[in-house]
Amino acid sequence: MKNNLADDIFRTMVDKADTAVLYTESSEPNSLNAKEYLVKYANHKAQSFFSISDDTNENQSLEVIVKYDELLIMANKVLKTEEDENFNIIVKEADSILNYHVRIRLFNKGLLFALSLIKPKFITDKESKLPLGTPQSRNRELEISNLFGIRVLDSNDSIICYLKPIFNKKGDVEDFRIDYINNRMGEIAKDDSAFIEGQTILEYYPKNSENGVLEILADCYTSGENKEYTKEFIFDKECVWLTTKAVKMNDGLILFSKDVTKEKRYEAQLFIQNRLLSEAEHVANIGSFRWNLAEDQIKYSDNVYRLFGYDPNEFDNKYDRLLTFLHPNDFEKVKSSFKEARKNKSKSDLVFRVYTKFKELRYMNTIGECYQKEGNWYMVGVIRDVTKQIEAESVLQIKNSELKRTNADLEAFNRVASHDLQEPLRKIQMFVSRLDEEEEGRLNYRSQGYLSKIKYSSDRMRNLINNLLSYSKIDEVGEQPRRVDLNDVLNNVLEDLGERINDLGAKVESVSLPVVNGIQFQLEQLFANLIGNSLKYVNEGVQPNIKIIGSIVSGDKSAVEGLLPNINYVKLQFIDNGIGFEKKYQEKIFEIFQRLHGKTEFSGTGLGLSICKKIVQSHNGTITAKGEMNKGAEFIVYLPTLL
């Protein structure tokens, strides 16, 4: 009887308890699926919470009555680990948000659930003009309590805190106490929110009095106006930027702070990039612009203003303002070009003249491209000062005109040399020849000598005219370079010089020579002049010996001036054992009309090596020489393997 009475008393206490109690068992032994567990007992609070009635509370599955997945998840965890679970859940009932503490444990053959409503910790307000305990005060406290629902606020990405003002004796705000702060602050500052709560903002971060935060918050509380600010803070030696919105609520302030450190870093990087771009524009003497074609305003970079002689933003950025700088004769051209670009969304590229702030006439080139973004058409481009370029082109045009006149004079000289000079020279040679024939044996020795000198001088003059014509016409060749086998070139030259080689008993040696791209007859003239020189300047009593060697060399590995790197060259060496020359004449020997010996010692006009140099240069090559007196000379020719 006593046991039955005790059971009834205990059951009555449990049924009427403020804690929701629910007991469930599985129909299958050792089942780990909480959804299959059936309700065996639910007190009145549990029936209300899970919306079940007395007559149907037993044998209903958790899958049917539980509306919160978190309960089922944690119940499965208890079944698996056999350890109790304690946690909170947020429940919305009517217009309220309630916070429940839940405990789930294994009991007997099933699961026992206990759900207790967490009573809000109301924020007291000693400075409030509303008496504590009144309905109005309680409503205010409930409003704040609901706002600071732990799970709701902690899940927010922003730092949310509630501050209460602290007044000095004069009634001015001198600090704020941190009554609540969510866990987000702990993630950023590496401090637990429980450690932060209760401190004042100056106790927790003394620099709030220096960075203007305290002043802003005091003004927000006093004026009741919302305030926004962005400040830098140092937490654990790390820089953090927070953008904060302060809102007055009842007798305190609610702060919503967002971590914008990444944005600030991007902003700093963008500032550096823009600064570098601005400096680059300044160095390159260019500027940039962005123009919304639907509007008249154009966004200029700082250097655009400088190009026109102004400081950045000194003149307004309207389209019509740009037109005021134009030279009158270029006004319509520029206006028409921009009008066409706006209409057809086409590329703009034009040169025009402007007058700067200091009335200087400058040439500007603008290039703009159109693109579409979010339904709007824009033109972006550059403006650059091309005054020096225009002036240089003008000078170049003048030089080209002068060069054309010089070429015309040279052509006139060629005509004179080829006809007007050679015609009287032919007559002189003809009459000298007749006089020599007719007066043979009748002239005295002295007169015969004069006549011989006239013949020699006229022959030398003819050779000089022919060489001058050859020298002047090297660059006028209309023939295109083609593949030339240098072995064929050498054979042709040796055939032409065969009689002379035999007379001197000269020995000419060569290895297999490479192939180049060039003009064959000019290369034959080059070989003929160089081999002819070796046959001319010989040591008396010494058999002439000429060696011709060909090889491939790289321009970047050669110390020869004028060779381009990363290009292969054919290296031709013409080596003889003749009279040679002194080292000081290595460069001088290629100058036009330059002779190292007297006219009576060796015949020649002083143009042979000059012609060789010009032929090599016309083939984009280089020629050098070295020699030693009475030991011979060496001429080295470098020709690109591919022109």
Side-chain angles (χ1 to χ4, degrees), residues 270-373 376-409 475 564:
L270 183 61
F271 173 79
I272 293 173
Q273 291 173 355
N274 287 338
R275 183 66 179 271
L276 290 175
L277 178 60
S278 179
E279 292 297 327
E281 287 186 355
H282 185 65
V283 172
N285 207 27
I286 64 174
S288 57
F289 66 89
R290 183 174 183 267
W291 180 14
N292 186 339
L293 297 181
E295 301 176 358
D296 286 334
Q297 290 186 335
I298 305 176
K299 176 64 176 177
Y300 300 114
S301 67
D302 289 348
N303 209 48
V304 171
Y305 296 94
R306 297 189 186 103
L307 291 178
F308 288 86
Y310 292 86
D311 292 330
N313 302 310
E314 189 175 345
F315 61 83
D316 64 68
N317 57 358
K318 291 185 178 180
Y319 167 69
D320 291 340
R321 182 69 175 94
L322 176 65
L323 300 179
T324 62
F325 296 109
L326 296 176
H327 187 283
N329 292 342
D330 291 342
F331 184 87
E332 290 300 328
K333 176 179 73 173
V334 174
K335 192 173 181 180
S336 175
S337 176
F338 278 124
K339 182 178 180 180
E340 182 180 354
R342 293 178 76 175
K343 180 180 179 181
N344 300 325
K345 311 300 183 292
S346 58
K347 180 178 180 179
S348 173
D349 186 352
L350 72 156
V351 176
F352 52 89
R353 291 164 291 178
V354 300
Y355 286 106
T356 67
K357 180 180 180 180
F358 305 105
K359 305 303 179 184
E360 293 179 313
L361 182 64
R362 311 294 293 178
Y363 286 85
M364 298 291 177
N365 171 226
T366 179
I367 302 175
E369 292 275 5
C370 295
Y371 72 96
Q372 191 176 25
K373 182 179 180 181
N376 293 324
W377 278 94
Y378 297 87
M379 176 185 284
V380 293
V382 296
I383 298 177
R384 59 192 181 108
D385 188 339
V386 293
T387 305
K388 291 183 179 180
Q389 179 181 337
I390 297 294
E391 292 174 348
E393 289 176 355
S394 299
V395 172
L396 184 61
Q397 289 177 357
I398 295 173
K399 294 294 183 182
N400 286 337
S401 298
E402 293 176 354
L403 183 61
K404 287 181 180 180
R405 288 197 297 271
T406 302
N407 288 338
D409 294 341
D475 293 330
L564 299 175

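Sequence positions, counted from 1, serve as the residue numbers for this chain. What you see is a predicted model, and the numbers here were worked out from it, not measured in a lab.
The shortest distance between side-chain heavy atoms of Ile383 and Leu307 falls below 4.5 Å. Contact check for Met364 versus Val351: no side-chain heavy atoms found under the 4.5 Å cut-off. Contact annotation: the side chain of Ser348 never approaches that of Ile367 to less than 4.5 Å [non-hydrogen atoms, C-beta and beyond]. For the pair Phe289 and Lys299, the minimum side-chain heavy-atom distance is 4.5 Å or more.
Judged purely by atom type and a 3.5 angstrom limit, Lys359 has no side-chain atom pairing as donor or acceptor with the backbone of Thr356. Of the possible polar contacts, one joining the Asn365 side chain to the Leu350 backbone as a donor-acceptor pair under 3.5 Å is found. Distance alone, capped at 3.5 Å, is enough to place a donor-acceptor pair between the Arg342 side chain and the Leu293 backbone.
Every residue two or more places apart in sequence or in another chain was checked for a side chain to side chain contact (heavy atoms under 4.5 Å, CB included) with Lys388, and none qualifies. Residues that satisfy the side chain to side chain contact (heavy atoms under 4.5 Å, CB included) test with Glu391, not counting sequence neighbours, are Thr387.
In this structure, Leu323 CG and Phe325 CZ are separated by 10.0 Å, a value rounded to the nearest 0.5 Å. Within the model, atoms CZ of Arg353 and OH of Tyr363 stand 5.5 Å from one another, a figure rounded to the nearest 0.5 Å.
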With a cut-off of 3.5 Å and sequence neighbours excluded, list every side-chain donor-acceptor pair involving residues 334-341.
none

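Between His327 and Phe352, the distance separating the two ring centers is not shorter than 6.0 angstrom.
By the 6.0 Å and 45° rule, Arg290 stacks over the aromatic ring of Tyr378.
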### Message
What verdict does the side chain to side chain contact (heavy atoms under 4.5 Å, CB included) test give for Trp291 and Tyr300, after you've listed the backbone C-alpha separation in whole Å, the side-chain angles of each residue and the deciding distance to 0.1 Å?
### Response
CA-CA 9 Å; Trp291 180 14; Tyr300 300 114; over 6 Å; no
